[in-house]
Amino acid sequence: MRKLVIAVVTMLISSLSIAEIISVPGSDGETTTAYWSSPNSKAVLIFIPGGDGSFNIASKNPARPSWVLSTLYDASQKGPGLDLVFVDSPHSLGMRGGNIAPRYSKDHLSRMLSVIQFYKEKTKKPLYLIGHSNGAISEAEFLNQSPDNQKLLAGIIFSGSRNETSIDGPLNIPILFLHHEDDANGRWTSYSNAESLYKKVKALNQGSTQFLAVHGGEAGGDPSTSGHHMYQGSLDEAANYIWNFIFKHNLPK
């Protein structure tokens, strides 16, 4: 009987992690998002993925949180936590050969704005934005596009940022830069470039600006898609930094 109860509880927990697939309307068409809500959530974390930004997440059966989102989701089931949103581009945002031009496009930035406005209205909760690798360029260009855009957000996290990431001022928003100290993807996402970006933004930003290094973990194969760049083996550490940035420094007590 006890084994049956445990099995039922496990199935219930597993089913809770299945995303609600929501198509967000916008001037450039619909943008597919995966939404994981959590009981007693206090904020929403919107993830702009790296790579080519297009993962057809709606076809995943089922769509469950992955990468640091999985760790943050699990932590959110135990008390006050986060709702999570995965933003899926309907088309490639570049990547092959280092092409990142689509990250600067009007279509892409308009879709980001539509998604952020949609979840701000839907949840009525503080919104935090996280972009990893190429996704950091998307975040930076979203901030650069209009000073009003940062007013929609409670904070922003640049993770494993691409070397070309550039942020203009003025800024008045909590910002966290997160990078693995041994990121082997130096051609595209070097630790030194991330540090330089942090120093520039710290001088521009009236809000809190932090830089945290992720340690440990393990090296992988392709340095762009595995290993230290993706916090392989150190996801708990990276997720903890994100959690503390949101809950210990920025949310009203």
Side-chain angles (χ1 to χ4, degrees), residues 45-53 67-69 71-72 87 93-95 98-101 103-104 112 128-145 149-150 153 155-220 222-246 248-250:
L45 182 65
I46 299 177
F47 175 51
I48 309 296
D52 76 353
W67 193 56
V68 293
L69 300 188
T71 306
L72 293 169
V87 183
L93 297 173
M95 181 171 143
N99 173 39
I100 48 174
R103 295 275 176 180
Y104 300 88
M112 284 182 64
Y128 291 82
L129 193 64
I130 179 171
H132 182 73
S133 196
N134 288 349
I137 290 180
S138 299
E139 292 181 299
E141 290 311 303
F142 180 75
L143 292 180
N144 293 340
Q145 189 180 44
N149 285 352
Q150 63 183 288
L153 302 169
I156 190 164
I157 301 160
F158 291 87
S159 171
S161 56
R162 178 87 176 221
N163 293 341
E164 295 90 337
T165 307
S166 180
I167 307 170
D168 305 324
L171 295 165
N172 187 9
I173 182 174
I175 298 177
L176 170 64
F177 290 90
L178 196 63
H179 214 96
H180 198 288
E181 63 176 354
D182 294 322
D183 191 329
N185 194 30
R187 181 184 177 189
W188 306 120
T189 59
S190 76
Y191 183 84
S192 60
N193 273 78
E195 272 193 316
S196 296
L197 179 63
Y198 155 72
K199 291 174 183 177
K200 174 189 174 183
V201 170
K202 186 174 177 61
L204 294 171
N205 190 18
Q206 294 182 47
S208 66
T209 311
Q210 297 174 264
F211 184 96
L212 294 173
V214 177
H215 311 279
E218 54 202 61
D222 186 337
S224 296
T225 58
S226 64
H228 292 137
H229 177 60
M230 297 302 297
Y231 310 136
Q232 188 174 320
S234 53
L235 284 173
D236 286 351
E237 181 186 357
N240 189 57
Y241 285 149
I242 294 167
W243 186 274
N244 287 343
F245 170 73
I246 294 173
K248 290 190 176 180
H249 302 294
N250 300 300

So, [X] versus [Y]: side-chain donor-acceptor pair below 3.5 Å or not?
X	Y	result
Ser226	Asp222	no
Ser138	Arg103	yes
Glu141	Asn144	yes

Quick check: does any side chain N or O of [X] sit under 3.5 Å from a backbone N or O of [Y], one acting as donor and the other as acceptor?
X	Y	answer
Asn99	Gly94	no
Asn185	Gly160	no
Gln232	Gly227	yes
Glu181	Ala213	no
Asn163	Ser190	yes
Asn149	Phe142	yes
His180	Ala238	no

### Message
Quick one, Leu171 with Thr209, criterion side chain to side chain contact (heavy atoms under 4.5 Å, CB included). Give me CA distance, side-chain angles, the key distance, then yes/no.
### Response
CA-CA 10 Å; Leu171 295 165; Thr209 311; over 6 Å; no
With rounding to the nearest 0.5 Å, note down the distance linking [atom1] in [X] to [atom2] in [Y].
X	Y	atom1	atom2	result
Ile157	Leu129	CD1	CG	8.5 Å
Gln150	Ile175	CD	CD1	7.5 Å
Ser224	Arg187	OG	CZ	8.5 Å
Ile48	Leu93	CD1	CG	9.5 Å
Phe177	Thr165	CZ	OG1	8.5 Å
Lys200	Asn205	NZ	CG	12.5 Å

### Task
Verify side chain to side chain contact (heavy atoms under 4.5 Å, CB included) between Ile130 and Ile46, making sure each step is shown before the conclusion.
CA-CA 6 Å; Ile130 179 171; Ile46 299 177; over 6 Å; no
Checking [X] now: which residues fulfil side-chain hydrogen bond (donor to acceptor under 3.5 Å, both in side chains) with it, not counting sequence neighbours?
X	answer
Asn244	none
Thr71	none
Ser234	none
Glu195	none

### Message
Please give me the minimum heavy-atom distance between Ala194 and His179, naming the atom from each residue.
### Response
CB-ND1, 3.3 Å
### Message
If I compare all heavy atoms of Ile137 with all of Glu164, which pair ends up nearest, and what's the gap?
### Response
CD1-CB, 4.3 Å
### Task
Evaluate side chain to side chain contact (heavy atoms under 4.5 Å, CB included) for Phe245 paired with Asn250, printing each intermediate quantity in order.
CA-CA 7 Å; Phe245 170 73; Asn250 300 300; 3.5 Å; yes
Do the side chains of [Y] and [X] get nearer than 4.5 Å, heavy atoms only?
X	Y	value
Leu45	Ile242	yes
Phe47	Val87	no
Pro170	Leu204	no

### Non-neighbouring partners of Phe211 that pass ring pair (Phe, Tyr, Trp, His ring centres under 6.0 Å), sequence neighbours left out
Tyr191, Tyr198
### Query
Residues two or more places apart in sequence or in another chain: which of them pass ring pair (Phe, Tyr, Trp, His ring centres under 6.0 Å) with His132?
Trp67, His229, Tyr231
### Message
Among Asn193, Asn134, Thr189, exactly one meets side chain to side chain donor-acceptor pair (under 3.5 Å) together with Arg162. Which residue is that?
### Response
Asn134
### Message
Run the side chain to side chain contact (heavy atoms under 4.5 Å, CB included) test on Ile167 and Phe158 for me, step by step, so that the C-alpha distance in whole Å, both residues' side-chain angles and the decisive distance to 0.1 Å come before the verdict.
### Response
CA-CA 11 Å; Ile167 307 170; Phe158 291 87; 3.4 Å; yes
